[in-house]
Participant: 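What follows is a single structure, and I will ask about it in a moment.
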Amino acid sequence: MSEIAMTSRPGSEATATSGIDTPAAAGQGAMTSQKITVGVDSRRDAASNPSRPMRLGVAGPVGTGKSSLIGMLCRELGEEISLGVITNDIYTDEDAQMLRAAGVLDVDRIRAVETGACPHTAIRDDVSANLVAVEDLAADHPDVELVLVESGGDNLTATFSPALADAQIFVLDVAGGGDVVRKGGPGIARADLLVVNKTDLAPHVGVDAALMEQQGREARDGRPVIALSRTDAASVERLTGWVREVLAAYQGGGHVAQDPGPMAPHFHADSEGEHTHGGVTHTH
Ligand SMILES: Nc1nc2c(ncn2[C@@H]2O[C@H](COP(=O)(O)OP(=O)(O)OP(=O)(O)O)[C@@H](O)[C@H]2O)c(=O)[nH]1
């Protein structure tokens, strides 16, 4: 159990919280949550609780550049926003080690969750390990405003539970093929932001990055899409601008976590440890 902390930000009311303050955690009874709120509009409090850091999820298939994007955000925003990072890997803390080695953030602000199962389990089905990791990080660094939570590389349909992520980015890359956006999925269609990454590689892999971006916009009903490359400063600026905006909305109580929807039912054959997502039994 963590200590009760009193916090008050400019423009927000005094709030005291203890334990994990999410509907999911309370529902699961994983930790006792006591909350004393003074003079807070209940709708606003339900929508977002700025007394804790915002949690921004970064998901997407293997190798699309999630760790690199998080490293980029740490480098670009680390001076102006107090950041933390949680990584999810199945059996290792490789992504956390990579970020620590890159020197983008104080190493103690980068924590790893070893999921022990398919990454989407820990970001979607049972988010308790991630919530505990975020809470520990925030207890050790009470000034943290934004925690970037990286999913392990997963399939096209993995999404964060809104009980874990206040907002989420879904990352694709051009090297995955020009038709990947059209294949769709909840993250592509409804994550808060879709990133089409590594646009510098597009000419080398025969992909039209602008077309991919356009198809993303068409698939997303007006939700934002950013075509990104670490070699394109303007695109990096668009990404950091979006992060600043969503954090400001969260801290102002104007951001409501959206659920992109559950991952599609899928099947993995030929290994042990069967379990189900979407009603279909599978193993990892
Ligand atoms: N050309 C190019 N390569 C990039 C860019 N961003 C990332 N990469 C490279 O893409 C590869 C994969 O990047 P990661 O950040 O490790 O990808 P990831 O999604 O975290 O990978 P997993 O955690 O294994 O799923 C690395 O070799 C990166 O250097 C980019 O903008 N352009």
Side-chain angles (χ1 to χ4, degrees), residues 56-78 83-105 110-124 129-130 133 147-160 165 168-178 180-181 185 187-188 191 193-210 212-213 216 225-243 263 266 268 284:
L56 176 59
V58 180
V62 175
T64 51
K66 300 176 291 299
S67 301
S68 305
L69 183 150
I70 285 173
M72 178 190 283
L73 289 177
C74 293
R75 266 190 300 273
E76 298 291 325
L77 297 174
L83 295 171
V85 173
I86 307 290
T87 63
N88 282 263
D89 283 305
I90 299 182
Y91 297 122
T92 68
D93 62 352
E94 241 172 66
D95 286 340
Q97 280 183 33
M98 197 270 273
L99 286 165
R100 288 185 195 124
V104 292
L105 206 61
I110 302 171
R111 309 278 172 98
V113 169
E114 287 183 30
T115 62
C118 44
H120 49 259
T121 301
I123 65 161
R124 179 86 208 175
N130 271 288
V147 179
L148 305 163
V149 183
E150 179 183 354
S151 168
D154 214 312
N155 68 50
L156 261 182
T157 67
T159 52
F160 284 84
Q168 51 193 293
I169 302 176
F170 197 82
V171 186
L172 296 175
D173 70 352
V174 299
V180 72
V181 175
I188 291 173
L193 174 67
L194 175 67
V195 167
V196 176
N197 203 11
K198 309 186 197 175
T199 54
D200 58 294
L201 293 182
H204 306 291
V205 293
V207 165
D208 183 340
M212 262 181 101
E213 186 185 353
V225 181
I226 293 177
L228 180 72
S229 167
R230 64 187 174 199
T231 63
D232 174 2
S235 73
V236 175
E237 186 53 42
R238 281 193 285 278
L239 176 68
T240 53
W242 180 86
V243 172
M263 66 187 313
H266 62 287
H268 299 254
H284 290 261

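Counting starts at 1 for both ligands and their atoms, following the listed order. Note that the structure is predicted; figures quoted are calculated from it, not measured. Atom set for the values below is all heavy atoms of this structure, side chains included, hydrogens, waters and symmetry mates excluded. For the single chain, residues carry numbers from 1 onward in sequence order.
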Participant: Would you say Gln168's side chain and Val58's backbone share a donor-acceptor pair under 3.5 angstrom?
Facilitator: no

Participant: Taking only heavy atoms of Asp95, which atoms of ligand 1 are found under 4.0 Å from at least one of them?
Facilitator: 23 (O)

Participant: Among protein heavy atoms, which lies nearest atom 5 (C) of ligand 1, and at what distance?
Facilitator: Lys198 CG, 3.5 Å

Participant: Go through ligand 1 atom by atom and flag the ones less than 4.0 Å from a non-hydrogen atom of Ser67.
Facilitator: 15 (O), 18 (P), 20 (O)

Participant: Which residue supplies the protein heavy atom nearest to atom 12 (C) of ligand 1, what is that atom called, and how far is it?
Facilitator: Gly63 O, 3.5 Å

Participant: Is the closest side-chain donor-acceptor distance between Glu150 and Ser67 under 3.5 Å?
Facilitator: yes

Participant: Give the atoms of ligand 1, by number and element, whose distance to some non-hydrogen atom of Val62 is under 4.0 Å.
Facilitator: 24 (O), 25 (O)

Participant: Give me the nearest non-hydrogen protein atom to atom 26 (C) of ligand 1 as residue plus atom name, then the distance to 0.1 Å.
Facilitator: Ser68 OG, 4.7 Å

Participant: State the atoms of ligand 1, each with its element, that fall below the 4.0 Å cut-off from a heavy-atom position in Asp200.
Facilitator: 1 (N), 2 (C), 30 (C), 31 (O), 32 (N)

Participant: Atom 17 (O) of ligand 1: which protein heavy atom is closest, and how many Å away?
Facilitator: Gly65 N, 3.1 Å

Participant: Run the numbers for me: atoms of ligand 1, each under 4.0 Å from some heavy atom of Leu201, listed by number.
Facilitator: 1 (N)

Participant: May I ask which of Glu94, Glu150, Arg230, Met98 has a heavy atom nearer to atom 9 (C) of ligand 1 than the others do?
Facilitator: Arg230

Participant: N/O of Lys66 under 3.5 Å from N/O of ligand 1, yes or no?
Facilitator: yes

Participant: When you measure from the side chain of Arg111 to the backbone N and O of Val85, does any donor-acceptor pair fall under 3.5 Å?
Facilitator: no

Participant: Within the side chain of Asp173, is there an N or O that forms a donor-acceptor pair under 3.5 Å with the backbone of Gly176?
Facilitator: yes

Participant: Is a donor on one side and an acceptor on the other found under 3.5 Å between the side chain of Lys66 and the backbone of Pro61?
Facilitator: yes

Participant: Would you say Thr159 and Arg124 are linked by a side-chain donor-acceptor pair, where the criterion is simply a distance under 3.5 Å?
Facilitator: yes

Participant: Under 4.0 Å from a heavy atom of Ser229: give me the atoms of ligand 1 that qualify, with their elements.
Facilitator: 31 (O)

Participant: Just one of Asp95, Asn130, Thr115 clears the side-chain hydrogen bond (donor to acceptor under 3.5 Å, both in side chains) bar with Asn88, so which one?
Facilitator: Asn130

Participant: Quiz question: by atom type and distance under 3.5 Å, do the side chains of Ser229 and Asp200 form a donor-acceptor pair?
Facilitator: yes

